[in-house]
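Because the structure is a prediction, the values reported are computed rather than measured.
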Amino acid sequence: TKGIHLVLPRHRLNLKQSVYFDVEADNRMVFAIPRGNTTYIGTTDTNYKGKIDRPTCSLEDAEYVLAAANHMFPSANLTLEDIESTWSGLRPLIHEDGKDPSELSRKDEIFFGKKGLISISGGKLTGYRKMAERVTDEVVKRLRTTDADAYNGISACRTEGIKLGGGAFESKQELEKFMIARIGEAKQIMLSERQVVDLVYKYGTQTDLILEKAFALYPVITDPLRRIHMAELWYGIHHEMCHNLCDYLIRRTGRLYFERPSLAELYPFLAEKMAESLAWTEREKSEAILEFEAEYEEVVAFKEGKKKSVA
């Protein structure tokens with residue numbers, strides 16, 4: 001099934017915290033979450049039979065979510081024109097006869113093949129570590145059963161104790177202390193508090209690497225905004241394996257979703273810098289730009305010729 005999310009400017013639905021509510025039409029649950037200068041709302045749950053590598057938001061999807069939000073927040077009067085960006089995803093639900101998509105369990109399930117293949121299906125992206133833990137523990141258990149002498153020494157999955165890169169904070173207070181210190185340091189190279197906060201929420205302690213690069217670029221790059229973009233791009237290429245604009249602007253930074261209005265002037269600059277760093281040919285640079293431009297247009301393609309209010 002397909003689920004979509006709509007991204008609005010924060011001032012159009014200025015929530016102080018995340019909320020969820022039921023859709024009047026079908027009693028499904030929808031949520032609205034503030035993030036930076038935006039608020040995003042979702043999600044739908046519809047059968048999907050298109051190409052699985054490119055699900056998109058349709059006009060019907062957008063109208064459904066906006067209608068739900070306007071019912072809960074009638075003074076907002078949200079319209080299609082308020083939508084700055086969207087994203088869409090697919091749920092690999094395990095089919096059950098006689099059940100509608102919204103009734104199917106989101107739980108993952110492990111399957112055992114007759115020839116020893118172990119598969120895991122269902123679940124959600126947000127539960128990927130728990131799914132990995134379950135299937136790894138099952139593999140370990142079976143290896144110990146089949147060959148105790150060889151496999152008794154191997155341990156169960158250790159993912160619960162492994163922190164993600166940049167996530168070495170023991171408390172919210174520790175995170176805030178880290179953030180305040182970096183905001184003070186970054187003033188020396190004219191970076192704003194908002195820029196540093198955004199970096200910390202995206203990269204955690206890895207922010208230090210980006211700020212070090214930004215300091216190295218100062219004062220050669222005089223524009224603070226260009227400087228921080230170049231430093232963050234450098235980090236993406238050298239530490240997160242970014243190979244093209246889509247890698248960087250969609251999959252690493254999420255800018256296509258949460259900062260789309262700023263990208264029209266930014267992405268040509270970033271394309272030039274990526275081309276220099278990765279030694280692209282003119283053809284490779286053109287292909288990277290065209291690939292990103294297709295994504296840039298696709299997230300709001302449903303709005304073309306459909307400008308109207310959604311009650």
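- For the ring-ring contact (aromatic ring centres under 6.0 Å, His included) condition, the pairs that include at least one residue of residues 187-207, sequence neighbours left out, are Y203-Y235.
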Give every donor-acceptor pair under 3.5 Å between a side-chain atom in residues 32-40 and any protein atom, sequence neighbours left out.
from : atom 1 : to  : atom 2 : distance (Å)
T38  : OG1    : R35 : O      : 2.8
T39  : OG1    : L13 : O      : 2.8

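- Counting heavy atoms from C-beta on, the side chains of E109 and I120 never come closer than 4.5 Å.
- Formation of a donor-acceptor pair under 3.5 Å by the N14 side chain with backbone atoms of H11 is not found in this model.
- For the side chain to side chain contact (heavy atoms under 4.5 Å, CB included) test, residues two or more places apart in sequence or in another chain that qualify with V23 are A25, D26, R28, V30, Y64, A68.
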For residues 82-95, which side-chain donor-acceptor pairs fall under 3.5 Å, sequence neighbours excluded?
from : atom 1 : to   : atom 2 : distance (Å)
D82  : OD1    : R12  : NE     : 2.9
D82  : OD2    : R12  : NE     : 3.4
D82  : OD2    : R12  : NH2    : 3.0
D82  : OD2    : T79  : N      : 2.9
S85  : OG     : L256 : O      : 2.9
T86  : OG1    : V299 : O      : 2.6
W87  : NE1    : H5   : ND1    : 3.3
S88  : OG     : C57  : N      : 3.0
R91  : NH1    : T1   : OG1    : 3.2
R91  : NH1    : K2   : O      : 3.4
R91  : NH1    : T44  : O      : 3.3
R91  : NH1    : D45  : OD1    : 3.0
R91  : NH2    : T44  : O      : 2.8
H95  : NE2    : D97  : OD1    : 2.9

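- Distance CD1/I41 to CG/L66: 6.5 Å, rounded to 0.5 Å.
- Across all non-hydrogen atoms, the minimal contact from L59 to F302 is N-CB, 3.6 Å.
- Under a hydrophobic-cluster definition in which Ile, Leu, Val, Met, Phe, Trp and Tyr are linked whenever side-chain heavy atoms come within less than 4.5 Å, directly or via other members, F269 and L233 are assigned to the same cluster.
- I110 and L143 fall within the same hydrophobic cluster, defined by Ile, Leu, Val, Met, Phe, Trp and Tyr side-chain heavy atoms under 4.5 Å apart, directly or through other members.
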For a quick test of your reading: what N or O donor-acceptor pairs under 3.5 Å do the side chains of residues 287-298 make, sequence neighbours left out?
from : atom 1 : to   : atom 2 : distance (Å)
E287 : OE2    : R283 : NE     : 3.2
E293 : OE2    : Y267 : OH     : 2.5
E298 : OE1    : R54  : NE     : 2.9

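- Remark: the backbone N or O of E170 is paired with a side-chain donor or acceptor of E174 at under 3.5 angstrom.
- Of all non-hydrogen atoms in P74 and N77, the two that sit nearest each other are O-OD1, 3.3 Å.
- Here F21 pairs with F73 under the ring pair (Phe, Tyr, Trp, His ring centres under 6.0 Å) rule; sequence neighbours left out.
- Atoms CD and CG, from E232 and L270 in turn, are 9.0 Å apart once rounded to the nearest 0.5 Å.
- Separating the NZ atom in K130 from the NZ atom in K107 is a distance of 11.5 Å, to the nearest 0.5 Å.
- A side chain to side chain donor-acceptor pair (under 3.5 Å) check over residues 150-161, counting only residues at least two apart or in different chains, returns the pairs R129-T159.
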Report task. Determine, step by step, whether L199 and L211 satisfy the side chain to side chain contact (heavy atoms under 4.5 Å, CB included) criterion, reporting the C-alpha distance in whole Å, the side-chain angles of both residues, the deciding distance to 0.1 Å, and the verdict. Result -> CA-CA 9 Å; L199 288 175; L211 291 180; 4.2 Å; yes

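- Tracing side-chain contacts under 4.5 Å through hydrophobic residues (I, L, V, M, F, W, Y), one reaches M72 starting from L80; they form part of the same cluster.
- In terms of modelled atom types and a separation under 3.5 Å, the side chain of R10 and the main chain of L15 share a donor-acceptor contact.
- Residue K51 qualifies as open at atom NZ: its count of foreign heavy atoms under 6.0 Å is 12 or below.
- Of the inter-residue distances, the one linking R227 atom CZ with L225 atom CG reads 10.0 Å to the nearest 0.5 angstrom.
- With sequence neighbours left out, the side-chain hydrogen bond (donor to acceptor under 3.5 Å, both in side chains) criterion links E24 to H71.
- Here the CD1-CZ distance, from I118 to R134, works out to 12.0 Å after rounding to the nearest 0.5 Å.
- More than 12 heavy atoms of other shown residues, nucleotides or ligands fall within 6.0 angstrom of atom CD in E276.
- R144 contributes a side-chain N or O that, together with a main-chain N or O of I154, makes up a donor-acceptor pair within less than 3.5 Å.
- Neither F258 nor V196 shares a network with the other; the hydrophobic side chains, linked directly or stepwise wherever heavy atoms of I, L, V, M, F, W or Y lie under 4.5 Å apart, form separate groups for each.
- Contact check for V65 versus T43: no side-chain heavy atoms found under the 4.5 Å cut-off.
- By the 4.5 Å heavy-atom criterion applied to side chains, C242 and M274 are counted as neighbours.
- Contact annotation: the side chain of M230 never approaches that of W234 to less than 4.5 Å [non-hydrogen atoms, C-beta and beyond].
- If you chain together hydrophobic residues whose side chains sit under 4.5 Å apart, I162 and L125 never meet in one group.
- The side-chain heavy atoms of T205 and F178, taken from C-beta on, include a pair separated by under 4.5 Å.
- Residue pairs meeting the side chain to side chain donor-acceptor pair (under 3.5 Å) criterion with at least one partner in residues 241-254, sequence neighbours excluded, are D247-R251, Y248-R255.
- The backbone N or O of K273 sits nowhere less than 3.5 Å from a side-chain atom of S277 that would complete a donor-acceptor pair.
- Checking side-chain atoms of E284 against main-chain N and O of T281 turns up a donor-acceptor pair under 3.5 Å.
- Looking only at side-chain heavy atoms (C-beta outward), E81 and K303 come within less than 4.5 Å of each other.
- Among pairs with a residue in residues 111-136, none fulfils ring-ring contact (aromatic ring centres under 6.0 Å, His included), at least two apart in sequence or across chains.
- Taking the charged nitrogens against the carboxylate oxygens, E282 and K285 do have a contact shorter than 4.0 Å, which makes a salt bridge.
- Going from atom CZ of R260 over to atom CG of L249 covers 12.0 Å, rounded to the nearest 0.5 Å.
- Taking 4.5 Å as the limit, every side-chain heavy atom of E259 sits out of range of all side-chain heavy atoms of L266.
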Would you give me the side-chain donor-acceptor pairs under 3.5 Å for residues 179-194, sequence neighbours excluded?
from : atom 1 : to   : atom 2 : distance (Å)
R182 : NE     : D208 : OD1    : 2.7
R182 : NH2    : D208 : OD1    : 3.4
R182 : NH2    : D208 : OD2    : 3.1
Q188 : NE2    : E185 : O      : 3.4
S192 : OG     : Q195 : N      : 3.1
S192 : OG     : Q195 : OE1    : 3.4
R194 : NE     : D198 : OD1    : 3.1
R194 : NH2    : D198 : OD1    : 2.9

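- Within the structure, side chain to side chain donor-acceptor pair (under 3.5 Å) contacts touching residues 209-218 (residues at least two apart or in different chains) do not occur.
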